[in-house]
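In what follows, chains are A, B, ... by sequence order, proteins preceding strands, each numbered from 1.
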There are 2 protein chains.
Amino acid sequence: MEPTILDVAEQAGVSPSTVSRVINETAPVAEATKKKVTEAIESLGYRTNKFAHALRKQASNVFGIIVPDISNPFFSTLIRGAEDRFHEDGLSTMICDTDGQPEKEARNVEMLVKERVDGALVTSTESESNGIPRLIDKDIPVVAVDRSPTGYEMTAVLADNEGAGMIATEHLLNRGCRMIGFVRGPAGVSTAHERFIGYVNGLESRGLEVQEGLIARGDFTFNSGKRALEELIAANNESEFPDGLVVANDLMGVGVIRKAEEMNLHVPGELAVVGFDDILLSKLINPTLTTISAPTYEMGGTAAQLLLETVEADRKRAERKHKRIVFSTKLVERESSQFGAG
Amino acid sequence: MEPTILDVAEQAGVSPSTVSRVINETAPVAEATKKKVTEAIESLGYRTNKFAHALRKQASNVFGIIVPDISNPFFSTLIRGAEDRFHEDGLSTMICDTDGQPEKEARNVEMLVKERVDGALVTSTESESNGIPRLIDKDIPVVAVDRSPTGYEMTAVLADNEGAGMIATEHLLNRGCRMIGFVRGPAGVSTAHERFIGYVNGLESRGLEVQEGLIARGDFTFNSGKRALEELIAANNESEFPDGLVVANDLMGVGVIRKAEEMNLHVPGELAVVGFDDILLSKLINPTLTTISAPTYEMGGTAAQLLLETVEADRKRAERKHKRIVFSTKLVERESSQFGAG
DNA sequence: TTGAAAGCGCTACCAA
DNA sequence: TTGGTAGCGCTTTCAA
């Protein structure tokens, strides 16, 4: 059997309370006693029983992280940033993949509630009806990452997607494009929408009009990017083809590039393309994809930090302060938008 | 405060033991009493306290899953297969990413030990000195997935990598290649080694000799694939260039394709390429990459199933049966090995 | 600075 | 079929 705190106490010739005190540094213990206890722990190979500890303290020391897709490098980097921060404090993490489905998000949240996590980081699948209210209802501290759900006052760590959309649009404008289109993301996703707003603002700031015919919608997948380009070409006369395209994420951007190739449309010569996220694939495709990148790892770490601060505030019965941190993004120039090419 | 089982008992006018019995269906309860209890649970919104339950039962109902890289689609699919099986039984999972580093694997294992998981699925980083012995030492049931560590008798769920290597080699042979090279994976990784053995056997079964000059080594990354092709070209006279290449995983295969393009070497005309894993990228690259795929999702599910059976056997104090299940693989023909092209 | 003991919420044994 | 109750291993008051 695993040794308990009683075994340690006996071996060290002290009471269990004393052992607890040296383990948790929760009260001063004489140096000599401390040494005896430490040695006993060592010799018995004692490890505190997680369940008993959690039962007493009403805290699991586990934190949940919910993302739409763990195999998406954007999210796996975010996860790594958050995990590194949690592990620093000896806290464990539970990673959940919603696969972009609200029902799966709901199930994941139920699991986290059941596991009685001390807090959760969530990138919600949709802007409404996601698992966040359930967590709030159960009084579990939550921080939103990457996407900010509407209708809840809560702390959130975001990228400046609107600014990113603007940067992308201005880049194409500076490059000389005059018919710039946009491939939008899924309807309920705030990041996708904000990037679009940035595009609109980018055009308007130069006195240009948004043209409905140059706007298509996808769902963030590779295939939807291919379809979007097809639609845009089909919908316009040759004289009105877009010469530049801002695409709401890299995966769709890669789809656009592949479709352009199939259609013998030269990128960037006849069509310049810019994406968002800076995933690995963007460097591997030919031509390489110009993109806008956010400091994903830092965003994860910051979100974890804020969550820990919230938990700490709760413990002290202090007031929760809702913060909103926005990271700025930067342009990564590659071949797909090269000037004067083609 | 959260209601406890005592609150439920009071509300229903029965004893806590009875409540426990209806919740866990651990003993027959009269239909009428059951109804009263269920209603009390409902009206109070009672949920069993995980910590108390775990403390009493000495079981966490949590299972660990350790993989080298969650953003690698091969592993994320494996994870999904395993998770779906665990969730089916209402069990929770903890996913750990070792980033291919043995030290991280060790830290992950420590976390799982601390969390007192009921069992673990592990794709070990190296064939030796991985976290598996630590888990075995702590008496935590383990099943190896994808890679089988040497020196431990344990149940394992694997793909037939040797057969896969053979299929790949024969495919190139049938296609007419006569100088077939191989790009090996990292030294300690069993899957990579087995694929190489399959290649050797494939050649020898046709009475062909393995040529040292046609063999390079990479580390499973994109860049190492590029480097490998460079080396192979540099090491041989033009008359002895390989006309076909079996590459130990798709990511390196994509690297080979990109490098070939840079060198103006036509794929598949001058060089046919076959990879392993069937990752998404292989379908997106130009030319698309021929590959060997394994039933990854099923492998994850099977591994979870076997782990659960081991846990069950332990509970019944039955003997653990070590199984070894090998899934066969299949060729996915794409452009990079097309016949008569170029 | 240390010890005794209550109790966190649950399950399972023993009685009835 | 049900109830009483001990105890899982820990932390934390209260007293010494």
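Of the possible polar contacts, none joining the N24(B) side chain to the T26(B) backbone as a donor-acceptor pair under 3.5 Å is found. Between the side chain of T18(B) and the backbone N or O of V14(B) there is no donor-acceptor pair closer than 3.5 Å. D118(A) contributes a side-chain N or O that, together with a main-chain N or O of S60(A), makes up a donor-acceptor pair within less than 3.5 Å. Side-chain atoms of D97(A) come within 3.5 Å of backbone atoms of I70(A) as a donor-acceptor pair (strictly under, hydrogens ignored).
For DNA chain D, no neighbouring residue in residues 34-42 of chain A is found when judged by any heavy atom under 4.0 Å.
Looking only at atom types and distance, the side chain of E309(A) has a donor-acceptor partner in the side chain of Q305(A) under 3.5 Å away.
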Task: Stepwise ring-ring contact (aromatic ring centres under 6.0 Å, His included) check, F86(B) with F63(B) - done: CA-CA 8 Å; F86(B) 286 125; F63(B) 287 80; 4.8 Å; yes
- [ ] Scan nucleotides 9-16 of chain C nucleotide by nucleotide, 5' to 3', and note B when protein non-hydrogen atoms come under 4.0 Å of the base, S if they reach only the sugar-phosphate, - if neither.
- [x] BBBBB---
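When side chains are defined from C-beta on, M94(A) does not count as touching I65(A), because their heavy atoms never get closer than 4.5 Å.
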